[in-house]
Amino acid sequence: MNNNITVSISTDAYLPPYQGNTWLPFKDQTLRGPDVLMLIAHPAMNLLKENNYGENEILALLTANPAALLGRENSFGRLEQGLDANFLVAEGIPGLEITSVESISKVFFRGEKVIDRKKNEIE
């Protein structure tokens, strides 16, 4: 990041954690994937915050940067007119302040609500 190289934290694959890894809370080689992405990203995102990176720069590791690396920055990755409205609603920054998918209350894909965990709240 210091050298302006686009860095991304993203996965849609299920892989076993690297055995020599000391900063992940996993004790075995069970396959891990998108459901624990925020937990996996948390130590790196926290380190960036401690080194004075802004919240938007850090969040881009999970949003705009993966889209750019896939060549899809004109389709998704940011909230901007003309792009797919893919976003989530949570009380905190994913990967930085929250690490569990249960902390996400709503998910929108192309502008359509696809997950609503708190159905009783007023919108």
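Nothing here was measured: the structure is a model prediction, and the numbers come from that model.
Pairing each heavy atom of F109 with each of V114, the nearest pair is CB-CG1, 4.1 Å. The two residues L83 and F76 come nearest to each other via the heavy atoms CD2-N, 4.4 Å. Shortest non-hydrogen contact noted between P94 and L62 is O-CD1, 3.4 Å. Of all heavy-atom pairs spanning V101 and M38, the tightest one is N-CE, 3.6 Å. Of all heavy-atom pairs between L61 and V7, the closest is CD2-O, 3.2 Å. Counting all heavy atoms, side chain and backbone alike, S8 lies closest to P66 at OG-CG, 3.1 Å.
Within the 3.5 Å criterion, the main-chain N or O of P17 finds a donor-acceptor partner in the side chain of Q29. The closest donor-acceptor contact from the side chain of H42 to the backbone of G95 lies under 3.5 Å. Between the side chain of R117 and the backbone N or O of I104, at least one donor-acceptor pair lies under 3.5 Å.
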Should L96 and K49 be marked as a side-chain contact (heavy atoms from CB on, under 4.5 Å) after you check the CA-CA gap, both sets of side-chain angles, and the distance that decides it?
CA-CA 8 Å; L96 188 58; K49 184 175 182 180; 4.1 Å; yes
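Here CD1 of I58 is found 9.5 Å from CG of N51. Values are rounded to the nearest 0.5 Å. Of the inter-residue distances, the one linking I115 atom CD1 with S105 atom OG reads 10.5 Å to the nearest 0.5 angstrom. Taken to the nearest 0.5 Å, the CG atom of D84 stands 11.0 Å off from the CG atom of N74. For the atom pair CG (L37) and CD1 (I9), the distance works out to 7.5 Å, reported to the nearest 0.5 Å. To the nearest 0.5 Å, atoms CZ (F108) and CG (L88) are separated by 10.0 Å. Distance CD/E57 to CG/N65: 9.5 Å, rounded to 0.5 Å.
Heavy-atom neighbours of E50 CD from other residues, nucleotides or ligands within 6.0 Å: above the threshold of 12. Within 6.0 Å of atom CG in D28, more than 12 heavy atoms from other residues, nucleotides or ligands are found, so the atom counts as buried in its surroundings.
Note: the hydrophobic cluster containing I93 also contains L48 (ILVMFWY, side chain heavy atoms under 4.5 Å, direct or indirect links). One hydrophobic cluster, built from ILVMFWY side chains closer than 4.5 Å, holds both Y53 and M45.
P25 has its side chain within reach of L39: a pair of non-hydrogen atoms, C-beta onward, lies under 4.5 Å apart.
Judged by the 6.0 Å distance and 45° axis criteria, R32 is positioned over the aromatic ring of F26.
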